[in-house]
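Quick note: residue numbers are just sequence positions, from 1.
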Amino acid sequence: MTAEATGDPTAGVTGDVWLSIPPDEIEGLPPGPDYLFWDGGDDGTQPFPGDPADCVLYVVPYMKRRASMAIPLESMRNLRVVQTLTAGVDDVLARMSVLPPGVQLCNARGVHEASTAELALTLTLASLRGVPDFVRDQQQERWQGDFRPALADRSVLIVGYGAIGAAIEDRLVPFEVARVARVARSERTTARGPVHSFTELPSLLPRAKRLLVDQLGRFVNREPLRNVVFTTGETDGA
């Protein structure tokens with residue numbers, strides 16, 4: 001039922017394609033389908049651009065309420081492809097049961113890795129170097145010097161090691177970290193080293209005292225974990 005986006009999901013498609021970006025703002029749309037715009041509006045009440053039963057490919061609205069995304073699904077009786085604009089598809093998977101059998105679900109792997117990894121590194125450095133404290137001091141017109149730890153020579157734990165986790169590690173390498181531990185849903189080996197399973201997380205966490213980026217998500221409910229970066233020094237006060 002699911003697949004990663006590995007090619008053009010519109011290839012060979014005829015019928016209505018619902019886009020969450022106006023078609024006239026997208027260059028290079030292949031000919032054939034009828035491209036219609038629908039993103040649910042601000043509150044999910046945007047009128048449908050056509051009959052949902054004629055939709056064969058649905059691009060899920062981006063950064064919209066979950067309920068808005070699901071509104072047309074039950075009426076899309078001839079749907080063949082659901083394309084998300086996110087790397088994760090958990091929210092859509094929970095609603096796939098209302099769709100016809102055989103619908104292909106594609107994610108946006110390759111779209112968000114660079115920007116998300118860059119943000120992760122930015123927040124990591126800002127946390128370690130105390131940038132939020134310095135900003136607050138500036139707002140109070142207060143000069144307060146301080147000593148802050150570097151990222152270099154520290155151990156890093158990346159929890160959630162898919163394409164985005166790997167992109168985060170790529171950006172950590174130039175900062176000369178001491179080691180990187182990787183945790184994902186399943187154990188495996190990569191070119192950079194082993195990836196530990198979630199079951200090993202409790203034994204890895206004691207060395208990661210500082211949560212720097214993102215959140216633990218819904219790990220306690222055994223649902224997929226959001227990308228998290230921990231760092232720890234090899235000395236007290238990590």
Min side-chain heavy-atom separation [X]-[Y] under 4.5 Å:
X      : Y      : result
Phe48  : Pro72  : yes
Val92  : Met69  : yes
Tyr58  : Pro52  : no
Leu151 : Thr124 : yes
Leu29  : Pro23  : yes
Cys106 : Val81  : yes
Leu201 : His196 : no
Val195 : Thr189 : no

Check [X] against [Y] and note the closest heavy-atom contact, atom names and distance.
X      : Y      : answer
Asn107 : Thr86  : CB-O, 3.7 Å
Arg77  : Pro100 : O-CG, 3.1 Å
Arg148 : Asp133 : NH2-OD2, 2.6 Å
Ala87  : His112 : N-CD2, 4.0 Å
Lys64  : Gly41  : NZ-O, 3.3 Å
Val98  : Glu74  : CB-CG, 3.8 Å

**Asked** Are Ile164 and Val173 connected in a single hydrophobic cluster, I mean Ile/Leu/Val/Met/Phe/Trp/Tyr linked by side-chain heavy atoms less than 4.5 Å apart?
**Response**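 No.
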Could you measure the distance from the [atom1] atom of [X] to the [atom2] atom of [Y]? Nearest 0.5 Å is fine.
X      : Y      : atom1 : atom2 : value
Leu79  : Asp16  : CG    : CG    : 11.0 Å
Asp91  : Met96  : CG    : CE    : 13.0 Å
Leu204 : Thr199 : CG    : OG1   : 9.5 Å
Leu125 : Leu128 : CG    : CG    : 7.0 Å
Tyr161 : Ser186 : OH    : OG    : 13.0 Å
Ser20  : Gln83  : OG    : CD    : 9.5 Å

**Prompt:** Can you name the side chain to side chain contact (heavy atoms under 4.5 Å, CB included) partners of Gln140, sequence neighbours left out?
**Reply:**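 Applying side chain to side chain contact (heavy atoms under 4.5 Å, CB included) to Gln140 gives Arg142.
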Heavy-atom count check: over 12 atoms from other residues, nucleotides or ligands less than 6.0 Å from [X] [atom1]?
X      : atom1 : value
Asp42  : CG    : no
Arg192 : CZ    : yes
Glu200 : CD    : yes

**Item:** Trace of the side chain to side chain contact (heavy atoms under 4.5 Å, CB included) decision for Leu172 with Ile158
**Value:** CA-CA 11 Å; Leu172 287 171; Ile158 301 176; 4.0 Å; yes
**Message:** Assess the residue pair Ile21 and Tyr62 against the criterion (side chain to side chain contact (heavy atoms under 4.5 Å, CB included)); give the C-alpha distance rounded to whole Å, side-chain angles, the decisive distance to 0.1 Å, and a yes or no.
**Reply:** CA-CA 9 Å; Ile21 300 173; Tyr62 185 58; over 6 Å; no
**Message:** Any carboxylate oxygen within less than 4.0 angstrom of a Lys/Arg side-chain nitrogen, looking at Arg182 and Glu169?
**Reply:**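 The answer is yes: the pair qualifies as a salt bridge.
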**Prompt:** Hey, mind stepping through Ile168 and Leu121 against side chain to side chain contact (heavy atoms under 4.5 Å, CB included) and telling me if it holds?
**Reply:** CA-CA 7 Å; Ile168 291 173; Leu121 184 59; over 6 Å; no
**Prompt:** Val135: which other cluster members, linking ILVMFWY side chains closer than 4.5 Å, directly or transitively?
**Reply:**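 ILVMFWY cluster around Val135 also holds Val131.
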**Message:** Checking the side chain of Gln46 only, and the main-chain atoms of Asp39 only, is there a donor and an acceptor separated by less than 3.5 Å?
**Reply:**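 At least one qualifying donor-acceptor pair exists.
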**Message:** Any side-chain to backbone donor/acceptor pair from Asp153 onto Ala178? Under 3.5 Å, distance only.
**Reply:**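 It does not hold such a pair.
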**Test of ring centre spacing under 6.0 Å for Trp18 and Phe37** =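 No, they do not, as the ring centres are separated by 6.0 Å or more.
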**Derivation and outcome, side chain to side chain contact (heavy atoms under 4.5 Å, CB included), residues Val111 and Leu85** = CA-CA 8 Å; Val111 174; Leu85 297 179; over 6 Å; no
